[in-house]
Amino acid sequence: MSTALTLYNSLTREKETFTPLVEGHVGMYVCGPTVYNPAHLGNCRTFVSFDVMYRYLMARGYKVRYVRNITDVGHLTDDGEDRMSRGARLEQLEPMEVAQKFSNQFHDMLRMLNALPPSIEPRATGHIIEQIDMVREIIANGYAYEVDGSVYFDVAAYNSANDDRYGELSGRKIDELLAESRELKSQGDKRSPSDFAIWMKARDGHILRWDSPWGEGFPGWHLECSAMSTKYLGTEFDIHGGGNDLKFPHHENEIAQNVGACHHGGARYWLHTNMLLMNGRKMSKSDGNTISPEELFSGDSPHVSEGYSPMVVRFFMLQSHYRSTMDLSDEALQAAKKGYTRLLEAWNLLQGLEAKGGAQNGTVGKELTEGLAAAYAEMDDDFNTPRALARVFELVTRINALQGGQLSLEEVSAETLAAFKEGLGRLLFDVLGLKDEAASGGAEQEALDKAMQIILDLRQQARADKNWALSDQLRDALNEAGITVKDGKEGASWSI
RNA sequence: GGUUGGGUGGCCGAGUGGCUAGGCAAAGGUCUGCAAAACCUUGUACGGCGGUUCGAAUCCGCUCCCAACCUCCA
């Protein structure tokens, strides 16, 4: 880890060396889900990506405060036709029950994908006071106005006072937005179509409502992130992340609100993950082009031929860079499954290897050390997991060759091998967040291991006796049971 | 229409000027009682047309196609 960490900043559209505001500490805010719908796979991709960043930053020795919000208010439309409100009414659920239900589901899903929980997971409804305060500040600074119980952000006023800053993240120009907006829906009470609500008056029948200086209402669509990132990370912090689709208007407005209230744009590095596609298109419930994590794990979907375990899915995601779109397909998942299996088997073989090189390293020992360092270095380059995995697979070949005898263990020193085992394990499991789903341990696993060893010993005896009929029978029967036997120089191994 | 980002070998997917990406699949070989696994070897891929350059997938121009955003969305 001697190289510098660089990351691509959406704000500047360049890769930059990462320098935290406070040495040794990182403040990272990631836009979490809105919990009025079941989470889908696209969400997973984004949060797995940020999970890897979180893990890598920690592995690099930073103390990270990772804030990921839950938005449980503000995205409701106020026209009385809102689907979730209706759903809540039909199921006789409180809105908070709906939010809880989908929050739980979201957490379950991320746990399965082995994503670490954030340091703080604030809810929008738990920060109404902070949001109201922020609205007040923005009004006081002259960047918002109230009309009939609603408060709107005044983009024109903001722009003239801040060097035409609006649009700095998304590359949009006010004029273009205005021109476009003419064709869109009515602007209501807004002075300008590009203005946006930061506080909405609650009409009759709207369930989620709070008292405010402007009457009963609820916070605007983008305010919660500004308020909560400021509260927990300060007016200036290191990293703000989210999906690409949030860049505009969500993040653009967030910056405007932050500057409007605190004279600071919040994050210094903006990171955006790209979309997970299926059939070349963004997943979308409306046209059926979607697959839920549950369906993917179980295989209960026309889009996949079988279920894929969460770790295969995670591995699959890590094989592309977070800033690239990724196209989900059954064929690609099959490839990921095989690749991941090969990786894990090599890892397991590695545990049984013992160095015979004494204190001296040969070529192989050097390759192991350098290959691992190269893999870590790839992570320094904007969290390039696909390249890191490419380096890892080169190491997989070495491990297999050491096991198979094509490479000699005499070329590896005990010290090197021990360090290699530890370093690779850290990369695979701590940083990339993979895990061996089969090695769940426990008494049953142990019993199975022993039973298998007995069978393999019997078969080995049969082979020694050249009783091919018996040995093949054992192998075939195990195959039928879903267990593959692999004969190696050092004896047979098996996998399910 | 505007903004942003793409089009890479059978599939997925890295890669910003010359140096092997990697995974899966495929072919040949080694090993093996056989098989599987493993290991070794094999792919002159960069949407199209021009241009810059000693040299371009990589830079520039034009063009075709795709996606996301511009309305809630990871």
Side-chain angles (χ1 to χ4, degrees), chain A residues 10 13 30-34 36-37 39-50 71 74-77 82-84 167 169-173 175-177 179-181 183-185 221 241-250 252 272-277 280-286 315-316 319-321 323-340 342-343 345-346 349 378 384-394 396-407 463 466-468 471-472 475-476 479 484-489 492-495:
Chain A
S10 301
R13 301 198 182 98
V30 173
C31 284
T34 49
Y36 290 101
N37 286 40
H40 64 94
L41 249 203
N43 300 82
C44 299
R45 202 239 173 157
T46 291
F47 297 119
V48 164
S49 295
F50 285 110
T71 298
H75 286 171
L76 288 175
T77 59
D82 181 75
R83 260 180 283 150
M84 286 316 299
L169 179 66
S170 59
R172 283 181 168 75
K173 305 274 182 296
D175 299 347
E176 289 157 2
L177 289 169
E180 179 58 27
S181 299
E183 299 161 24
L184 296 175
K185 25 178 131 162
W221 298 276
N244 215 268
D245 49 353
L246 292 179
K247 212 187 257 182
F248 188 90
H250 187 67
E252 196 68 70
H272 287 98
T273 59
N274 218 134
M275 299 292 101
L276 179 66
L277 308 179
R281 282 174 193 275
K282 182 179 171 179
M283 289 197 185
S284 147
K285 275 171 217 157
S286 52
F315 176 81
F316 169 71
Q319 277 189 300
S320 77
H321 186 82
R323 279 192 289 114
S324 301
T325 54
M326 150 155 247
D327 205 346
L328 185 89
S329 70
D330 192 56
E331 212 177 351
L333 283 164
Q334 283 291 338
K337 180 183 168 181
K338 287 179 187 166
Y340 183 57
R342 196 159 92 92
L343 172 60
E345 285 179 356
L349 287 176
E378 299 290 6
N384 200 325
T385 55
R387 286 189 72 98
L389 281 173
R391 300 289 83 75
V392 167
F393 271 99
E394 286 165 1
V396 164
T397 302
R398 298 290 181 285
I399 293 168
N400 285 331
L402 285 170
Q403 166 73 18
Q406 292 91 347
L407 292 177
R463 295 181 69 209
K466 296 200 191 296
N467 186 348
W468 310 127
S471 74
D472 287 355
R475 185 174 63 197
D476 293 345
N479 247 323
T484 309
V485 177
K486 296 164 198 167
D487 293 325
K489 280 211 166 66
S493 64
W494 59 281
S495 62

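Scope of the values below: all heavy atoms of this structure, side chains included, with no hydrogens, waters or symmetry mates. Source: prediction; values computed, not measured.
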Practice problem: Would you indicate, yes or no, if B:U3 has its OP1 or OP2 atom less than 4.0 angstrom from a side-chain nitrogen or oxygen of A:Lys247? | Solution: no
Quiz item: If you check every side-chain atom of A:Arg391, which of B:A21, B:C12, B:C39 has the closest atom?
Solution: B:A21
Quiz prompt | Distance in angstrom units between A:Phe315 CZ and B:G23 P, rounded | solution = 9 Å
Quiz item: If you look at every heavy atom in A:Gly171 and A:Glu252, which pair is closest and at what distance?
Solution: N-OE1, 4.5 Å
Self-check item: A:Thr273 or A:Thr484, whichever maps to the more 5' nucleotide of RNA chain B
Solution: A:Thr484
Quiz item: Expressed in whole Å, how much space separates the C1' atoms belonging to B:U32 and B:C19?
Solution: 38 Å
Quiz prompt | Candidates A:Thr325, A:Asn244, A:Thr46, A:Asp245 - the one meeting side-chain hydrogen bond (donor to acceptor under 3.5 Å, both in side chains) with A:Thr273 | solution = A:Thr46
Quiz item: Quick one: stems for RNA chain B, with Watson-Crick or G-U pairs under 3.5 Å, at least three in a row?
Solution: B:1-7 with B:64-70, B:10-12 with B:22-24, B:26-30 with B:38-42, B:47-51 with B:59-63
Practice problem: Identify whether any heavy atom of A:Gly42 sits under 4.0 Å from a base atom; if not, whether one sits that close to sugar-phosphate; answer base, sugar-phosphate or nothing. | Solution: base
Quiz item: In terms of the nearest nucleotide of RNA chain B, which residue is placed more toward the 5' end: A:Glu394 or A:Gln406?
Solution: A:Glu394
Exercise. Take atom C1' in B:G5 and the same atom in B:A38, then report the distance between them in whole Å.
Key: 41 Å
Quiz item: Between B:C69 atom P and A:Leu276 atom CG, what is the distance in whole Å?
Solution: 13 Å
Practice problem: Let me know the distance between CG of A:Asn43 and P of B:C72, rounded to the nearest Å. | Solution: 17 Å
Quiz item: Does the side chain of A:Asn244 get closer than 4.0 angstrom to OP1 or OP2 of B:A74 through an N or O atom?
Solution: no
Quiz prompt | B:C72 and B:A57, which share atom name C1', separated by this distance in whole Å | solution = 38 Å
Quiz item: Can you find a donor-acceptor pair, distance only, under 3.5 Å between A:Arg342 side chain and B:A37 base?
Solution: no
Exercise. Heavy atoms under 4.0 Å is the rule here; annotate nucleotides 13-19 of chain B 5' to 3' with B where the base is hit, S where only the sugar-phosphate is, and - elsewhere.
Key: SSS----
Self-check item: Nucleotide nearest A:Arg172 when distance is taken to its side chain, options B:C39, B:U3, B:A68
Solution: B:U3
Quiz prompt | salt bridge (Lys or Arg N to Asp or Glu O under 4.0 Å) partners of A:Arg475, counting only residues at least two apart | solution = A:Asp472
Practice problem: In whole angstrom, give me the gap between the C1' atoms of B:C46 and B:G15. | Solution: 11 Å
Practice problem: Looking at every strand, decide which applies to A:Gly32 at a 4.0 Å heavy-atom threshold: base, sugar-phosphate, or nothing. | Solution: sugar-phosphate
Quiz prompt | Side chain of A:Asp245 (C-beta onward), nearest among B:C24, B:A35, B:A74 | solution = B:A74
Exercise. Just call it for A:Thr397: base, sugar-phosphate, or nothing, with non-hydrogen atoms closer than 4.0 Å on any strand.
Key: sugar-phosphate
Quiz item: Rounded to the nearest Å, what distance is computed from the CG atom of residue A:Leu333 to the C1' atom of nucleotide B:G23?
Solution: 13 Å
Self-check item: Whole-Å gap separating C1' (B:C70) and CG (A:Leu246)
Solution: 14 Å
Quiz item: Out of B:G5, B:A67, B:C39, which nucleotide sits closest to the side chain of A:Leu277?
Solution: B:A67
Quiz item: For the residue pair A:Ala332 and A:Phe316, what are the closest heavy atoms and their distance?
Solution: CB-CE1, 3.6 Å
Exercise. State which of B:C72, B:A74, B:A25 makes the closest approach to the side chain of A:Thr46.
Key: B:A74
Exercise. Determine the contact category for A:Ala390: base if any of its heavy atoms lies under 4.0 Å from a base atom, sugar-phosphate if only primed atoms, P, OP1 or OP2 are that close, otherwise nothing.
Key: base
Practice problem: Could you give me the CA-CA distance, side-chain angles and deciding distance for A:Arg342 and A:Glu345, then say whether salt bridge (charged side-chain N to carboxylate O under 4.0 Å, His left out) is met? | Solution: CA-CA 5 Å; A:Arg342 196 159 92 92; A:Glu345 285 179 356; over 6 Å; no
Practice problem: Kindly assign one of parallel, tilted or perpendicular to the pair A:Tyr340 and A:Phe315, based on the angle between their ring planes and the thresholds 30° and 60°. | Solution: tilted
Quiz item: Is there side-chain contact between A:Leu277 and A:Leu328, with heavy atoms separated by less than 4.5 Å?
Solution: no
Quiz item: Side chain of A:Arg45, backbone of A:Asn274: donor and acceptor closer than 3.5 Å?
Solution: yes
Quiz prompt | Heavy-atom check, side chain of A:Glu331 versus side chain of A:Gln334, under 4.5 Å | solution = no
Exercise. Figure out the CD/P separation between A:Gln334 and B:A25, and round it to whole Å.
Key: 10 Å
Practice problem: Quick one: label A:Gly280 by what it contacts on the DNA or RNA (base, sugar-phosphate, nothing), any heavy atom closer than 4.0 Å. | Solution: sugar-phosphate
Quiz item: Of all the nucleotides listed (B:A74, B:A35, B:C39), which has the minimum atom distance to the side chain of A:Asp487?
Solution: B:A35
Quiz item: Looking only at atom P, what distance separates B:A35 and B:A27, rounded to whole Å?
Solution: 15 Å
Exercise. Establish whether the base of B:C39 is bridged to the side chain of A:Arg398 by a donor-acceptor pair shorter than 3.5 Å.
Key: no
Practice problem: Check for a donor-acceptor pair, side chain of A:Asp327 on one end and backbone N or O of A:Gly280 on the other, with a separation under 3.5 Å. | Solution: yes
Quiz item: Using the P atom in both, what is the distance from B:U20 to B:C11, to the nearest Å?
Solution: 24 Å
Quiz item: Of all the choices, B:C34, B:C12, B:C70, which nucleotide is nearest to the side chain of A:Phe248 once you look at every atom?
Solution: B:C70
Quiz item: Atom NZ of A:Lys466 and atom P of B:U32: how far apart are they, to the nearest Å?
Solution: 12 Å
Quiz item: Checking only heavy atoms, does the side chain of A:Lys282 share a donor-acceptor pair with the base of B:C73 at less than 3.5 Å?
Solution: yes
Exercise. Please answer whether the main-chain N or O of A:His40 pairs with a side-chain N or O of A:Asn43 as donor and acceptor at a distance below 3.5 Å.
Key: yes
Quiz item: Nearest heavy-atom pair of A:Ser170 and A:Phe248: which atoms, and what distance?
Solution: OG-CD1, 3.3 Å
Self-check item: Rounded C1' spacing from B:A56 to B:G48 in Å
Solution: 16 Å
Quiz item: Is there ring stacking between A:Phe47 and B:A74, where the centres must be under 5.5 angstrom apart and the planes under 30 degrees?
Solution: no
Quiz item: B:G5 P sits how many Å from A:Met275 CE, rounded?
Solution: 15 Å
Quiz item: Between the side-chain atoms of A:Asn479 and the base atoms of B:A36, is any donor-acceptor pair under 3.5 Å?
Solution: no
Exercise. For A:Ala346 and A:Val396, work out which heavy atoms get closest and say how close.
Key: CB-CG1, 3.7 Å
Quiz item: Mind checking the P distance from B:G18 to B:U71? Whole angstroms is fine.
Solution: 42 Å
